[in-house]
Engineer: 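Provided herewith is a single structure, encoded as structure tokens, for subsequent inquiry.
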Amino acid sequence: SGRSSIQISPSCGRNSAVGLKGAWGNFFVGTWDSPQKLAVGKTRMLADTGFLGVTHMTFNNFSNRNAQSINYHSPNFSGFQVMAQTTSTNPANGTTGAGNKGRLTSLAGVYAKGPLTVALGYTVGDDNASSIGTLGSQDKDMTVGVAYKFGPAKLGFTYYDESYQNPVAVADIDRTAYNLALNW
């Protein structure tokens, strides 16, 4: 059709990027964990091993590592940090199909100072092939978590609110989950 494109292949399947870092923060492009994944990993007992702490869940596409992403992580302001990521409209993200462009956008804010950690994450997948197998959907997730360390123990609570749009069915899928754990 006469259209040209640039294809950037990630150097590996793990976090790898190039960018600029300074007192203003860190701007980088490449393959990197989503802010949602980074925020959730701060309050859950099992860190970031899958979205809900297990890798066999059906709905786990919000806590991921995204190829061909554009990222910004702010500096740490007295324990508070903001992170943002968007992906290119590219099959490398696993979100495209049948003419869908697919783009993931993730935002997170984390406060971690002393024994207290509070995290808020939000991710939306626009015009993608969702984890439930439908094309052209807009899937969303919001996660809120808090963790507190006292002595050798850590108590954590994380709340998840997910919505999967299903354009070919009568109803969308909405899901909430909670994670309460103590690590000694």
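Since the structure is predicted, the reported quantities are computational estimates derived from the model, not experimental observations. Worth knowing before you read on, the calculation uses all heavy atoms, side chains too, and leaves out hydrogens, waters and symmetry mates.
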Engineer: For residues N66 and L104, report the shortest heavy-atom separation together with the two atoms involved.
Structural biologist: OD1-CD1, 3.3 Å
Engineer: Could you label the plane-to-plane angle of the W32 and F28 rings as parallel, tilted or perpendicular, counting under 30° as parallel and over 60° as perpendicular?
Structural biologist: perpendicular
Engineer: I'd like to check T43 versus V110 (side-chain heavy atoms, cut-off strictly below 4.5 Å). Are they in contact?
Structural biologist: no
Engineer: Where is the tightest heavy-atom contact between R14 and T31, given as atom of each residue plus distance?
Structural biologist: O-CG2, 3.7 Å
Engineer: How long is the span from the CG atom in L107 to the CG atom in L120, to the nearest 0.5 Å?
Structural biologist: 9.0 Å
Engineer: Stepwise, does the side-chain contact (heavy atoms from CB on, under 4.5 Å) test hold for V146 with L116?
Structural biologist: CA-CA 7 Å; V146 62; L116 178 66; 3.8 Å; yes
Engineer: Would you give the length of the straight line joining atom OG1 of T105 to atom CD of Q36, rounded to the nearest 0.5 angstrom?
Structural biologist: 12.0 Å
Engineer: When the side chains of residues 17-26 are checked against the rest of the protein, which donor-acceptor pairs come out under 3.5 Å, sequence neighbours left out?
Structural biologist:
none

Engineer: Over all heavy atoms of both residues, which pair between G79 and K113 is shortest? Give the atoms and the distance, please.
Structural biologist: CA-CB, 4.3 Å
Engineer: I need the minimum non-hydrogen distance between P35 and A108, along with the two atoms involved.
Structural biologist: O-CB, 3.4 Å
Engineer: Linking I/L/V/M/F/W/Y whenever their side-chain heavy atoms sit closer than 4.5 Å, directly or via other members, would Y111 and F157 fall into one cluster?
Structural biologist: yes
Engineer: I need the M83 CE to S74 OG distance, nearest 0.5 Å.
Structural biologist: 8.0 Å
Engineer: Quick check: does any side chain N or O of N15 sit under 3.5 Å from a backbone N or O of D33, one acting as donor and the other as acceptor?
Structural biologist: yes
Engineer: To the nearest 0.5 Å, tell me how far S69 OG sits from Q85 CD.
Structural biologist: 4.0 Å
Engineer: Examine V144 and F80 and state if one hydrophobic cluster contains both, with Ile, Leu, Val, Met, Phe, Trp and Tyr joined whenever side-chain heavy atoms are less than 4.5 Å apart.
Structural biologist: yes
Engineer: Does one hydrophobic cluster hold both Y72 and Y122, with members joined at side-chain heavy-atom distances below 4.5 Å?
Structural biologist: no
Engineer: Is there a side-chain contact (heavy atoms from CB on, under 4.5 Å) between Q68 and T87? Walk through the geometry before answering.
Structural biologist: CA-CA 6 Å; Q68 300 183 17; T87 63; over 6 Å; no
Engineer: Can you confirm whether the side chains of D174 and S163 place a donor and an acceptor under 3.5 Å from each other?
Structural biologist: yes
Engineer: Quick one: do I70 and L38 end up in the same hydrophobic cluster if we chain Ile, Leu, Val, Met, Phe, Trp and Tyr together by side-chain heavy atoms under 4.5 Å apart?
Structural biologist: no
Engineer: Nearest 0.5 Å please: distance from the CH2 atom of W184 over to the CZ atom of F150.
Structural biologist: 7.0 Å
Engineer: I'd like to know if the side chain of T176 reaches the main chain of Y160, judged simply by a donor and an acceptor atom lying under 3.5 Å from each other, with no hydrogens or angles considered.
Structural biologist: no
Engineer: Membership question, hydrophobic clusters at under 4.5 Å side-chain separation (ILVMFWY): are M142 and V118 in the same one?
Structural biologist: yes
Engineer: Check the side chains of N76 and Q81 for a donor-acceptor pair under 3.5 angstrom, ignoring hydrogens and angles.
Structural biologist: no
Engineer: Report the distance from atom OH of Y178 to atom OG1 of T158, rounding to the nearest 0.5 Å.
Structural biologist: 12.5 Å
